[in-house]
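To start, the structure under review is shown below, and the notes come after it.
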Amino acid sequence: MFRKKIAFILATATVLISCTKDPILVETTDPVGSPIIVPPVAPPTSATDSTLVMGNPSNATTNVADFSNYLLKEGYYSVSYNRDRGIPNWVSWHTVITDYGSVPRQDNFRANTSLPTDWYKVDNLSYSSSGFDRGHMCPSADRTTSIAANSSTFLMTNIVPQAPRNNQITWAGLEDYCRTLVQSGSELYIISGAYGEGGTTTTGGLATSIDNGRVVVPANVWKVVVVLANGSNDLNRVNTSTRVISVVMPNNDNLNTDWKTYRTSVDFIEQETGYDILSKVSTGIQNAIESRIDNL
Ligand code: MN
Ligand code: MN
């Protein structure tokens, strides 16, 4: 009886929604708990993949045995995925002005079916009612030239549980600032990740994990942005005066709204994570740019 009534309401809702113009809305109202299945998207070819030009910070590999440091080359960005944390260790990508198009946000959060068959796959509902946002590492707004490009950012392997005020205000502030740099003649190499365990939201309280323990809530999110004037041979153009913006933000709702509050050095992030960020840059140049804290 009760179930029938629910089914009727859902059927009615589906019909109403089907009549609206935007088919994406149908997906977001899926109420029965089944994951959304979207076919894999076609990424750029390896010849044009510029996502790891500055290095592979943890030497992630495509070997299935490397389950805590598993390399996913999505074409639009690359990931070191950690199976047992259910989140990326880091995501690395390159943004140039031609990555900005007119494709709207697809919002098709979904499992990454390219993970090894027997691995648990975090899906679009894994964060439901947790109090945490599905926080992008490579942002949706950096990949708007095609539906495939934008959809790629909604794979849950590009997502971490992020405190809402962190995601929507302070972290988003840095994402927006990066966009202003690109719009004024820069190209960016960005590496972004999450480490530690335990975040806090005003609605979800303190959590070390969600999704029945299958997704770790990181204690911190970090980002490193290498800023270059538009050009070619990018790795060779990094020098001791190249601007590098690095931040570490605690994963909670009580952050200062200004992302600049959280600036730090690449060296600090390397100490915290054990990674070698910008490893393709010569050691001498790394020493100079990784010890500096941006103050522009
Ligand atoms: Mn976000
Ligand atoms: Mn380094």
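Nothing here was measured: the structure is a model prediction, and the numbers come from that model. When reading the values below, keep in mind they use all heavy atoms of this one structure, side chains included, and skip hydrogens, waters and symmetry mates.
Using modelled atom types, one finds no donor on one side chain facing an acceptor on the other under 3.5 Å when comparing Thr170 with Asn256. Using modelled atom types and a 3.5 Å distance limit, the side chains of Asn251 and Gln162 yield no donor-acceptor pair.
When the ring pair (Phe, Tyr, Trp, His ring centres under 6.0 Å) test is applied to Tyr70, the partners found at least two apart in sequence or on another chain are Trp119. The side chain to side chain donor-acceptor pair (under 3.5 Å) test applied to Asn220 returns no partner, not counting sequence neighbours. Taking the salt bridge (charged side-chain N to carboxylate O under 4.0 Å, His left out) definition, one finds that Glu187 meets it with Arg237, sequence neighbours left out. For Tyr189, the ring pair (Phe, Tyr, Trp, His ring centres under 6.0 Å) partners two or more places apart in sequence, or in a different chain, are His94.
Counting only residues at least two apart or in different chains, side-chain hydrogen bond (donor to acceptor under 3.5 Å, both in side chains) contacts with residues 196-207 comprise Thr202-Asp253. Each side-chain hydrogen bond (donor to acceptor under 3.5 Å, both in side chains) pair with one or both residues in residues 266-286, not counting sequence neighbours, appears once here: Tyr195-Glu272.
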Applying side chain to side chain contact (heavy atoms under 4.5 Å, CB included), run through Thr51 and Tyr76 and close with a yes or a no.
CA-CA 7 Å; Thr51 61; Tyr76 302 105; over 6 Å; no
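Leu188 and Val91 fall within the same hydrophobic cluster, where Ile, Leu, Val, Met, Phe, Trp and Tyr residues are linked whenever their side-chain heavy atoms come under 4.5 Å apart, directly or through other members. Met249 and Ile269 fall into different hydrophobic clusters, defined by Ile, Leu, Val, Met, Phe, Trp and Tyr side-chain heavy atoms under 4.5 Å apart, directly or through other members. Under a hydrophobic-cluster definition in which Ile, Leu, Val, Met, Phe, Trp and Tyr are linked whenever side-chain heavy atoms come within less than 4.5 Å, directly or via other members, Val225 and Val281 are assigned to different clusters. No path of Ile, Leu, Val, Met, Phe, Trp and Tyr side chains, each step under 4.5 Å between heavy atoms, connects Val248 with Ile87, placing them in separate hydrophobic clusters. Hydrophobic clustering (side-chain heavy atoms under 4.5 Å, transitive across Ile, Leu, Val, Met, Phe, Trp, Tyr) groups Val217 together with Leu255.
Ring to ring, Tyr127 and Phe132 are not that close: their centroids are 6.0 angstrom or more apart. Ring-centre distance between His136 and Phe109: below the 6.0 Å cut-off.
Taking the charged nitrogens against the carboxylate oxygens, Arg110 and Asp123 have no contact shorter than 4.0 Å, which rules out a salt bridge. Using a cut-off of 4.0 Å between Lys/Arg side-chain N and Asp/Glu carboxylate O, Arg179 and Asp142 are scored as salt-bridged. Using a 4.0 Å cut-off between a side-chain N of Lys or Arg and a carboxylate O of Asp or Glu, Asp107 and Arg105 qualify as a salt bridge.
By the 6.0 Å and 45° rule, Lys223 does not stack over the aromatic ring of Trp90.
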